[in-house]
Amino acid sequence: MVSVEDLHGLSAGQASVPDCELFPQSPSAATRIAVLLAAALAGAAGGVALASAAGPQPLWAVLGAAAVAGGLLSTWSPCGYSSISLLRPDGRGLRAVAGWLPTFAMHGAGYGLGALMLGGLLGGIGLIAGFSGFGSTALLVLGLVGLAYGAHQLDFLRVPYPQRRAQVPHDARQRFPKWVIGGLYGLSLGLDYLTYVQTPLLYMMTLAAVFTGNIAHAIAIVALFNLGRFLPVAVNALPIPDYRVQAWLARHQENAALADGAILTALGAGFTVLALI
């Protein structure tokens, strides 16, 4: 294996990337069971608390936080790795970061447009179907989906995981300026189903958006999910090499899946309890 120190000995005409030497270990069955039970108990307690809360604001706060968390967890995907490594400043220093800001802004605009399109579609579907918010049936469906996919992410259950295994076309990287590529990446990832789906939280947020039966509310849910997807690209404004960022992501891949399973299980238990009370 090539170490980081070995890179300093390479001639200027050579290029190399150090091999990964540390790989994440899959959590043991005991750890996954403990996470499942702890998340389910915490979620059930949260469901009881939501049942006694006045007004819909606490439920919306939970949905909003879950949407942002789902977007952040989507960073652990081929598209997340790719956008962080590709959408970087050309060079280092404040001038390079200032020149990169249009790319960052276009990336965010692409996510925003994707939220308007997908959220508008989901809200329209819910409106036509006659949904009007989070009643007992909607909460129970969300709860069961969360429990099923939480068990899936914790490797206790296998359920369908529909997704399109694709990324933004590679030739776009050579044919367009970086700010255009930033916008294309943002729009493609902001539509959420055109590329890899790394977290089943997207499925829960999709159902929640439909159940609102309200176009504005559905757009807000998708926008919060997309905000979580967009924010990690901001790390490129820091003087940190992209290979270090990607190495950190790789080391925490299993932890991300564990957190994903815990959040899904907690949401599932909470919504199920809330629906049944």
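Annotation for His107 and Gly182: closest pair ND1-O, 2.9 Å, computed over non-hydrogen atoms. Across all non-hydrogen atoms, the minimal contact from Gln153 to Gly261 is CB-CA, 3.7 Å. Minimum heavy-atom separation, Ala275 to Leu139: CB-CB, 3.8 Å. Listed here is the closest heavy atom pair of Thr272 and Leu144: OG1-N, 4.0 Å. Contact record, Ser74 with Ser77: O-OG, 2.8 Å, taken as the closest heavy-atom pair. Nearest approach of Ala40 to Ala269, heavy atoms of both residues: O-CB, 3.4 Å.
No more than 12 heavy atoms of other residues, nucleotides or ligands shown are found within 6.0 angstrom of CZ on Arg92. Around atom CG of Leu238, more than 12 heavy atoms belonging to other residues, nucleotides or ligands sit under 6.0 Å away.
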*Report the C-alpha distance between Thr206 and Tyr193 in whole Å, list the side-chain angles of each, state the deciding distance to 0.1 Å, and finish with yes or no for side chain to side chain contact (heavy atoms under 4.5 Å, CB included).*
CA-CA 10 Å; Thr206 297; Tyr193 285 99; 2.6 Å; yes
- Query: Could you go step by step and tell me if Leu184 and Phe176 meet the side chain to side chain contact (heavy atoms under 4.5 Å, CB included) rule?
  - Reply: CA-CA 10 Å; Leu184 288 173; Phe176 300 110; 4.0 Å; yes
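One N or O on the side chain of Trp100 and one on the backbone of Leu87 form a donor-acceptor pair closer than 3.5 Å. For the pair Ser52 (side chain) and Ala49 (backbone), a donor-acceptor distance under 3.5 Å is present. At least one donor-acceptor pair closer than 3.5 Å links the side chain of Asn236 to the backbone N or O of Ile84. Trp76 contributes no side-chain N or O that, together with a main-chain N or O of Gln198, makes up a donor-acceptor pair within less than 3.5 Å.
The distance from the CG atom of Leu201 to the CG atom of Leu264 is 4.0 Å, given to the nearest 0.5 Å. Taking CG from Asp260 and OG1 from Thr199, the interatomic distance works out to 3.0 Å, rounded to the nearest 0.5 Å. The line from CG of Leu258 to CD of Gln253 is 12.5 Å long, rounded to the nearest 0.5 Å. Rounded to the nearest 0.5 Å, atoms CD1 (Ile33) and CG (Leu154) are 10.0 Å apart. From Leu73, atom CG reaches atom CG of Leu202 across 12.0 Å, with rounding to the nearest 0.5 Å. Rounded to the nearest 0.5 angstrom, Arg244 CZ and Leu249 CG are separated by 14.0 Å.
Ring orientation note: the planes of Trp60 and His217 are nearly perpendicular, at an angle over 60° on the 30°/60° scale. Below 30°, between 30° and 60°, or above 60°: for Tyr161 and Tyr149 the angle between ring planes is above 60°, a perpendicular geometry.
Contact of the Met117 side chain with the Leu191 side chain is registered, since non-hydrogen atoms from C-beta on lie closer than 4.5 Å. Side-chain atoms of Asp90 and Lys178, non-hydrogen and from C-beta on, do get closer than 4.5 Å to each other. Put simply, the side chain of Arg229 reaches to within 4.5 Å of the side chain of Asp192, judged on heavy atoms. No side-chain heavy atom of Leu50 sits under 4.5 Å from any side-chain heavy atom of Val48. Annotation: side chain of Glu254 is in contact with side chain of Pro27 (closest heavy-atom distance under 4.5 Å). Looking at heavy atoms from C-beta onward, Phe211 lies in side-chain contact with Leu142 at the 4.5 angstrom threshold. In this structure, the side chains of Tyr111 and Leu227 stay at 4.5 Å or more apart for every pair of heavy atoms. No side-chain heavy atom of Ile219 sits less than 4.5 Å from a side-chain heavy atom of Leu122.
Taking the six-membered ring where the residue is Trp, the centroids of Phe134 and Phe271 are separated by 6.0 Å or more. A distance of 6.0 Å or more separates the ring centres of Phe230 and Tyr185.
Transitive grouping of hydrophobic side chains (ILVMFWY, heavy atoms separated by less than 4.5 Å) keeps Leu140 and Leu147 in distinct clusters. Hydrophobic clustering (side-chain heavy atoms under 4.5 Å, transitive across Ile, Leu, Val, Met, Phe, Trp, Tyr) groups Ile125 together with Val222. Follow the hydrophobic side-chain contacts under 4.5 Å out from Ile215 and you never reach Val210; the two are in separate clusters. Tracing side-chain contacts under 4.5 Å through hydrophobic residues (I, L, V, M, F, W, Y), one reaches Val141 starting from Leu63; they form part of the same cluster. Cluster membership for Leu36 and Val159, using ILVMFWY side-chain heavy atoms within less than 4.5 angstrom, is not shared.
Judged purely by distance below 3.5 Å, without hydrogens or angles, the side chains of Asp242 and Ser85 never pair a donor atom with an acceptor atom.
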